[in-house]
There are 2 protein chains.
Amino acid sequence: MCAYAADVDRCDCNSIHEDIVLDVRERLPDDDNLIDLADLFKVFGDSTRVRILSALLLAEMCVCDIAVLLGMTKSSISHQLRVLKQAKLVKYRKLGKVVYYSLADDHVRTIFDQGLLHITEE
Amino acid sequence: MCAYAADVDRCDCNSIHEDIVLDVRERLPDDDNLIDLADLFKVFGDSTRVRILSALLLAEMCVCDIAVLLGMTKSSISHQLRVLKQAKLVKYRKLGKVVYYSLADDHVRTIFDQGLLHITEE
DNA sequence: AATTTAGTTGAACAGTTGCTCAATTGAGAA
DNA sequence: TTCTCAATTGAGCAACTGTTCAACTAAATT
């Protein structure tokens with residue numbers, strides 16, 4: 001029988017190592033934090049957004065510049081910039097009709113570097 | 001007219017800053033690398049997988065342990081472990097009927113830490 | 001005022017994703 | 001062998017996601 005049937009009814013198996021499960025359960029971060037973390041990585045998990053961020057690592061650019069650079073429509077770029085804005089990964093400034101986007105802080109660079117490290121290794 | 005109409009026909013606007021676009025285009029990493037990077041982050045972009053990885057940061061566990069810990073079916077956990085395995089983020093060892101999973105390397109920890117840093121800031 | 005253009009927005013559609021369910025595999029126990 | 005159980009697998013389905021398209025806003029130019 002499942003050791004946690006009372007509070008976890010989806011459980012369909014025995015707890016083989018009850019001591020480990022109890023210990024990990026206690027030390028595991030709150031679900032809220034882990035969900036926020038997943039949501040952040042979800043933003044990085046699209047090649048269009050990664051390409052936009054990579055471009056902004058090199059220079060501040062307007063929507064039109066990015067669209068031309070990546071060979072995509074302004075609309076699709078604008079949609080993705082909205083996602084990046086909501087995740088506080090990019091910031092922008094308006095000059096007349098033109099909106100210039102740039103990275104909000106340096107976290108993008110370090111996260112990218114760690115990711116590339118995992119990919120290029122072995 | 002779009003300055004890159006020849007090789008990029010989706011372009012629907014002028015290149016406002018042609019010099020910047022040309023410079024960034026030259027220095028931008030290859031699309032293959034950026035797609036691989038996005039695919040890696042895609043794996044981190046699901047709360048179930050993040051919770052699994054967080055658990056494995058604390059202890060080696062079998063499928064059943066993880067299922068009980070997270071209150072999910074063995075099947076769904078197994079499906080996600082397969083994704084994590086393909087991304088080379090977890091490794092496993094078999095002992096009889098039981099399969100023990102653990103983290104493949106320490107990249108997960110550093111990537112998580114960087115992500116948490118971005119979230120908790122400001 | 002009328003036109004042009006950078007950028008945004010929302011609906012719609014296709015493609016993807018994660019969970020469920022049922023069937024199956026494989027190793028140990030009876 | 002037969003039974004049990006940990007784990008895997010594939011099909012099916014509902015929910016989500018990214019692009020397209022068309023309409024729209026706003027700022028500059030004529």
Side-chain angles (χ1 to χ4, degrees), chain A residues 1-3 8-18 20-21 35 38-39 41-52 60-87 90 92-101, chain B residues 1-3 8-18 20-21 35 38-39 41-52 60-87 90 92-101:
Chain A
M1 273 284 288
C2 171
V8 183
D9 49 38
R10 324 278 289 291
C11 154
D12 66 341
C13 57
N14 305 331
S15 173
I16 309 272
H17 309 89
E18 198 165 337
I20 291 181
V21 173
I35 289 171
D39 284 341
F41 287 128
K42 210 171 287 180
V43 177
F44 288 99
D46 174 77
S47 61
T48 297
R49 289 193 290 268
V50 165
R51 294 199 300 157
I52 292 174
E60 181 188 59
M61 302 178 86
C62 69
V63 177
C64 204
D65 288 342
I66 302 172
V68 170
L69 175 70
L70 304 185
M72 299 178 68
T73 61
K74 280 182 295 182
S75 175
S76 58
I77 299 298
S78 182
H79 277 299
Q80 297 300 357
L81 283 170
R82 184 169 168 273
V83 175
L84 295 172
K85 218 187 303 173
Q86 286 176 334
V90 301
Y92 65 96
R93 63 188 178 93
K94 254 183 174 166
L95 257 78
K97 282 190 292 187
V98 181
V99 181
Y100 294 90
Y101 282 89
Chain B
M1 272 286 288
C2 171
V8 182
D9 48 36
R10 325 276 290 289
C11 156
D12 65 342
C13 56
N14 305 333
S15 174
I16 309 272
H17 310 89
E18 198 165 338
I20 292 182
V21 173
I35 290 171
D39 285 341
F41 288 128
K42 210 171 287 178
V43 176
F44 287 100
D46 174 77
S47 60
T48 298
R49 289 192 289 269
V50 165
R51 295 199 299 157
I52 292 173
E60 180 188 60
M61 301 178 86
C62 68
V63 177
C64 203
D65 288 341
I66 301 172
V68 170
L69 174 70
L70 303 185
M72 299 179 69
T73 61
K74 279 182 296 183
S75 175
S76 59
I77 299 299
S78 183
H79 276 299
Q80 298 299 359
L81 283 170
R82 184 168 168 276
V83 175
L84 295 171
K85 217 187 305 173
Q86 286 176 333
V90 301
Y92 65 96
R93 62 189 178 94
K94 257 183 172 167
L95 257 80
K97 282 189 293 186
V98 181
V99 181
Y100 293 91
Y101 282 88

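This is a predicted model, so every value here is computed, not measured. A note on names: the letters A, B, ... follow the listed sequences, proteins ahead of strands, and every chain is numbered from 1.
- Remark: P of D/dA27 and CD1 of B/Ile16 are 16 Å apart, rounded to the nearest angstrom.
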- Query: Given B/Ser76 and B/Thr73, is the side-chain hydrogen bond (donor to acceptor under 3.5 Å, both in side chains) satisfied, shown in steps?
  - Reply: CA-CA 5 Å; B/Ser76 59; B/Thr73 61; 3.1 Å; yes
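- For A/Ser78, a side-chain nitrogen or oxygen approaches OP1 or OP2 of C/dT8 to under 4.0 Å.
- Between A/Thr48 and D/dT19 there is a side-chain polar atom (N or O) within less than 4.0 angstrom of OP1 or OP2.
- Stacking of B/Lys94 on the aromatic ring of B/Tyr100 is not recorded, the 6.0 Å distance cut-off and the 45° axial limit not both being met.
- Contact annotation: A/Gln80 side-chain N/O to D/dT17 OP1/OP2 distance is not under 4.0 Å.
- Here the NE2 atom belonging to A/His79 is positioned 11.0 Å from the CG atom belonging to A/Leu81, to the nearest 0.5 angstrom.
- Between A/Arg82 and C/dG7 there is no side-chain polar atom (N or O) within less than 4.0 angstrom of OP1 or OP2.
- Taking atom CZ on A/Arg51 and atom C1' on D/dT19, their separation rounds to 13 Å, with Å as the unit.
- Note on A/Tyr101: a side-chain N or O is less than 4.0 Å away from OP1 or OP2 of C/dT8.
- Note that OG1 of B/Thr48 and CE of B/Met72 are 3.5 Å apart. Values are rounded to the nearest 0.5 Å.
- Going from atom NE2 of A/His17 over to atom P of D/dC5 covers 16 Å, rounded to whole Å.
- The distance from atom OH of A/Tyr100 to atom C1' of C/dA6 is 11 Å, rounded to the nearest whole Å.
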- Footprint string (nucleotides 22-30 of chain C, 5' to 3'): B base within contact, S backbone only, - free, heavy atoms under 4.0 Å: ----BBS--
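- Here the shortest heavy-atom pairing between B/Ile52 and B/Ile66 reads CG1-CG2, 3.9 Å.
- Per the geometry, CD belonging to B/Gln86 stands 12 Å off P belonging to C/dG18, to the nearest Å.
- The NE2-P distance, from B/His79 to D/dC13, rounds to 16 Å in whole Å.
- Residue A/Met72 contributes atom CE, which lies 17 Å from atom P of D/dT17 at whole-angstrom precision.
- Residues meeting the salt bridge (charged side-chain N to carboxylate O under 4.0 Å, His left out) test with A/Asp39, sequence neighbours left out: A/Lys42.
- Once rounded to the nearest 0.5 Å, the distance linking SG of B/Cys62 with CD1 of A/Ile16 reads 5.0 Å.
- Distances from the side chain of A/Cys62 to the nucleotides C/dG10, D/dT17, C/dG7 place C/dG7 closest.
- Note: CG (B/Leu81) to C1' (C/dG18) measures 14 Å, nearest angstrom.
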